[in-house]
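Only a predicted model underlies this, so the values are computations on that prediction, with no experimental measurement involved. Along the sequence shown, residues are numbered consecutively beginning with 1. Whatever order the structure lists ligands and atoms in, that order sets their numbers, starting from 1.
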Amino acid sequence: MQAISPSSPLVSFIPIRRRITRLAPNKLFVHCIYRSDSVYFPNGVGSSRADWQSSCAILASKVAAQEQPTDKSGEDYVNDGSADHVAAINGHKTSMDLDLVPLNKGSSDDGNSNNNKLMKPLTITDLSPAPMHGSHLRVAYQGVPGAYSEAAAEKAYPNCEAIPCDQFEVAFQAVELWIADRAVLPIENSLGGSIHRNYDLLLRHRLHIVGEVQLPVHHCLLALPGVRKEYITRVISHPQALAQCELTLNKLGLNAAREAVDDTAGAAEYIATNNLRDTAAIASARAAELYGLQILADGIHDDSNNVTRFVMLAREPIIPRTDRPFKTSIVFAHEKGTSVLFKVLSAFAFRNISLTKIESRPRRSCPIRLVDNANIGTAKHFEYMFYVDFEASMADVRAQNALAEVQEFTSFLRVLGSYPMDMTPWCPSSGD
Ligand SMILES: O=C(O)C(=O)C[C@]1(C(=O)O)C=C[C@@H](O)C=C1
């Protein structure tokens, strides 16, 4: 087998499709289809255009196993502790070898009978270099093509390469391992509420929020062509989508069990792949188109103002500005539980800074606080991490002062990001 170096001026592999799945907690599997417009083979055979595929497993142990934050006041206020992180990433970048193989024997259109020789794997030393400009940004999202997260990635970064990942955490890891430049993750929905898993992952990983997009979500009920509503015994979708359509599903009179799957478009793909005539999916019209399903009911979300807010994550924070509306997201904890919450919130109120969101999550590193009371016994309180979004930039002195005050009351404080607010005018999805 002969190896071809991608550094050869005649070889250019352009990634056209990628998919990332998780093999084990710390092992990602990257499957990539490349297009090569000009391939040079050392044996002298040339190919004008071909599609090649490659797969590789990447050990993410050092990068992915992020520690829970220690309760230290002001920890990670700046991006501390990242040197080790970058070293680990660089280790992966340099040690990664990929075998590129053609998609199928006939895929190279060189018209040469020496095709068997062309089946030999090519080696490449890097998955693909980071792009120099925004239009080819690699953006990881959870789900498969047709998922709302893919639409959010395209809204945030038009013309990006959206990379499907099978889990939310894989999207985080893809950025940490430099397989992707950004991750786009849903964080809350106007009907279904917060996506708690992503709040927890924001804390576990050290990526920075660099932007937000709000996406009108227009759900459809999809089934195989020819299937009628009466045949449906099961409706499958992402739990958020099921929650967003609960009332409408009841009104449609479907006598169907509801089942949660990983993502909306994945539900549509599953029905198509397994030819399920008794199952419907809640997903987008684009998913119907991609997987060859028909739309049984259009616009089945319970309220026409159904919007999901996504955050964009990157390895580096952006420099906050004051010449346009910014939002800042923080997370904090306090040893005395919720009792100081009003003090923290007043730090913003006194400075006229509006809060747009408050969320609390169990504090996994210290879930319970015992409160000794000599007469009554020992009381137990649950402990929380608090997430707050406020409308001000970190470049704004008011925000800096507010956070300096908050730091006095908290045992742990981290700025998750200071980023431009999505100010695009409200336009409900078509059909509403
Ligand atoms: O399943 C999808 O299509 C997703 O992009 C995920 C997701 C979510 O997690 O909330 C995104 C938007 C909708 O709210 C429903 C589902």
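Around atom CZ of Arg321, no more than 12 heavy atoms belonging to other residues, nucleotides or ligands sit under 6.0 Å away.
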Could you tell me, for ligand 1, which of its N or O atoms are under 3.5 Å from any protein N or O, listing the pairs and their distances rounded to 0.1 Å?
unit_1: ligand 1; atom_1: 1 (O); unit_2: Thr264; atom_2: N; d: 2.8
unit_1: ligand 1; atom_1: 1 (O); unit_2: Thr264; atom_2: OG1; d: 3.3
unit_1: ligand 1; atom_1: 3 (O); unit_2: Tyr148; atom_2: N; d: 2.9
unit_1: ligand 1; atom_1: 3 (O); unit_2: Thr264; atom_2: OG1; d: 2.4
unit_1: ligand 1; atom_1: 5 (O); unit_2: Tyr148; atom_2: N; d: 3.4
unit_1: ligand 1; atom_1: 5 (O); unit_2: Ser149; atom_2: N; d: 2.8
unit_1: ligand 1; atom_1: 5 (O); unit_2: Ser149; atom_2: OG; d: 2.6
unit_1: ligand 1; atom_1: 9 (O); unit_2: His238; atom_2: NE2; d: 3.2
unit_1: ligand 1; atom_1: 14 (O); unit_2: Gln244; atom_2: NE2; d: 3.0
unit_1: ligand 1; atom_1: 14 (O); unit_2: Thr308; atom_2: OG1; d: 2.8

Step by step, would you call Asp422 with Gln214 a side-chain hydrogen bond (donor to acceptor under 3.5 Å, both in side chains)? CA-CA 7 Å; Asp422 181 0; Gln214 309 215 5; 5.5 Å; no
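Pairs of residues two or more places apart, or lying in two chains, that qualify as salt bridge (charged side-chain N to carboxylate O under 4.0 Å, His left out) and include a residue from residues 345-360 are Glu188-Lys357, Arg351-Glu405, Lys357-Glu359.
Between the side chain of Asp396 and the backbone N or O of Ala392, no donor-acceptor pair lies under 3.5 Å.
Distance check: Gln240 CD to His238 NE2 gives 6.5 Å after rounding to the nearest 0.5 Å.
Between Phe172 and His205, the ring planes are tilted. Angles from 30° to 60° get that label.
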